[in-house]
Amino acid sequence: MPSYRSLFRTPEFTPLFLGSAAQNAAGTVGGLALGTLVYRTTGSPLLSALSMFGPSLAQVLGATFLLSGADRLPPRTTLAAISLTFALATAALALPGLPAGALLTVVLLLGLVSALGGGVRWGLLTEILTKDGYLPGRSLFNMMSGLVQIAGYATGGALLAAVSPRTCLLLAAALYLASASALSLGLSARPPRTAGRPSVAATRRTNALLWSSRPRRLTYLGLWLPNGLVVGCESLYVSYAPNAAGTLFACGALGMLAGDVTVGRLLPPAVRTRMATPLLLLLATPYLLFAAHPPLALAACCAAVASVGFGAGLVQQERLMSLTPDELSGHALGLHSAGMLTMQGVGAALAGSVAQLTSPADAMTLVAGASLVVTLSLATAARRQRKVPAPAPVRT
């Protein structure tokens, strides 16, 4: 397995990494600012959760209509254009007097565009590193995301105490511009991985092809459902602790970083392949303690421990790549990313709706319990599947 240091000696890895880091920083600062702005304006846990995670709901539309472009569009141009679009839209969100409905419309449109971006980015990563290098490469990206979120939420929380949420949104727009510059200047002009024009028909055809295999279906569901429900718990941080949500998000990011390091570098392959279910159980279990309405310090510890379980995604993505032909890697990873983010939006909407009727702490407990039930059900289905001979990987 390639070392982390060797990855940065690989041509084009560094600009892709730096461009993604700037985009993650923008999303972190901008998301916290937007969630805070909506909560201060409306006092609604549901609208606050949807403003931060609602764009993920539009991912299902992107996966349905746009995802064939993940392998059929030039990566550099596409990624830079997406970052530029996010910069302009985030600046628009900072306009004074914009009603909550308009804010949510803009962020939902960004979610639609984001579905394509995930497929292009992770498909390009498999090109730059090859499949053998994908796991350490994605692990490093996840670690970067964790560190950026720790710094971004801590910085965003401090900024929100000193300046307005709209000022923070303008900072996020500047970070998106930096991402577009890094990607357009640092990446080379590569041709699309697959011939043909992007279309709705091509997107649906490839989605059906990927979904036709039962092992891939179970892998996708394991990547989407438990994760999405637990992100629903995270979406209530702002309403659970309005003045300290940045602390909870930062602690969660720290736990996610620990999980990615453990799975990506410390666990031997024979152990790693068996860790998906235990990590998914860890992802949800600490949130059951929110039934007791814990104080901030204990809530932060729960968030950190639970987020170690996000390392399960690396194990599941490695399995997905083993089941997918190279020419469909971008589309397959884009479908994973879009489905995961869609379910995160669903989880946020579900948790926010329950919180409207009960309380943020009670909603976290109930949604975490649902995640545990889903994880155990999928583990049972996977055990039954292993007793059946697996079909050969699909070829196009």
Side-chain angles (χ1 to χ4, degrees), residues 18-42 47-67 69-70 73 75-121 145 148-149 152-153 155-156 159-160 163-184 198 235 238 334 337-338 340-342 344-345 348-349:
L18 293 177
S20 297
Q23 191 164 4
N24 280 337
T28 301
V29 173
L32 182 60
L34 185 60
T36 303
L37 176 64
V38 171
Y39 188 68
R40 289 179 181 177
T41 303
T42 66
L47 292 179
S48 175
L50 286 177
S51 67
M52 294 186 70
F53 296 94
S56 303
L57 291 170
Q59 294 273 341
V60 67
L61 298 177
T64 302
F65 299 114
L66 303 178
L67 204 48
L73 292 173
R76 181 181 67 178
T77 302
T78 306
L79 289 174
I82 289 173
S83 290
L84 182 59
T85 300
F86 268 75
L88 296 175
T90 303
L93 291 173
L95 292 174
L98 204 63
L103 289 172
L104 292 176
T105 299
V106 172
V107 296
L108 287 172
L109 290 174
L110 289 179
L112 182 65
V113 175
S114 183
L116 175 62
V120 176
R121 180 181 301 106
S145 178
V148 167
Q149 287 181 35
Y153 283 126
T155 303
L159 285 173
L160 286 170
V163 299
S164 69
R166 290 188 172 86
T167 301
C168 293
L169 287 170
L170 292 176
L171 173 61
L175 289 169
Y176 280 123
L177 285 176
S179 172
S181 299
L183 294 168
S184 61
S235 73
V238 171
S337 179
M340 179 185 69
L341 292 171
T342 296
Q344 289 178 359

In Å and rounded to the nearest 0.5 Å, what is the [atom1] to [atom2] distance from [X] to [Y]?
| X | Y | atom1 | atom2 | value |
| --- | --- | --- | --- | --- |
| L93 | L170 | CG | CG | 10.0 Å |
| T28 | L175 | OG1 | CG | 9.5 Å |
| L109 | F86 | CG | CZ | 10.5 Å |
| C168 | L160 | SG | CG | 4.0 Å |

Restricting to non-hydrogen atoms, name the atom on [X] and the atom on [Y] that form the minimum distance, rounded to 0.1 Å.
| X | Y | result |
| --- | --- | --- |
| P165 | L37 | CB-CB, 3.8 Å |
| A21 | V148 | O-CG1, 4.0 Å |
| A91 | A173 | N-CB, 3.9 Å |
| L183 | A80 | CD1-N, 4.3 Å |
| R166 | L95 | NE-O, 3.5 Å |
| A89 | L110 | CB-CD2, 3.5 Å |

message: Show me the pairs that pass ring-ring contact (aromatic ring centres under 6.0 Å, His included) and involve residues 19-39, at least two apart or across chains.
response: none
task: Show your reasoning for whether side chain to side chain contact (heavy atoms under 4.5 Å, CB included) applies to L116 and V120.
output: CA-CA 6 Å; L116 175 62; V120 176; 4.0 Å; yes
message: Restricting to side-chain hydrogen bond (donor to acceptor under 3.5 Å, both in side chains), what partner residues turn up for S164, sequence neighbours left out?
response: T167
field: Option passing side-chain contact (heavy atoms from CB on, under 4.5 Å) with L103 (candidates L108, L98, T41)
entry: L98
- prompt: With no hydrogens and no angle check, is any side-chain donor or acceptor of S184 less than 3.5 Å from a backbone partner on S181?
  reply: yes
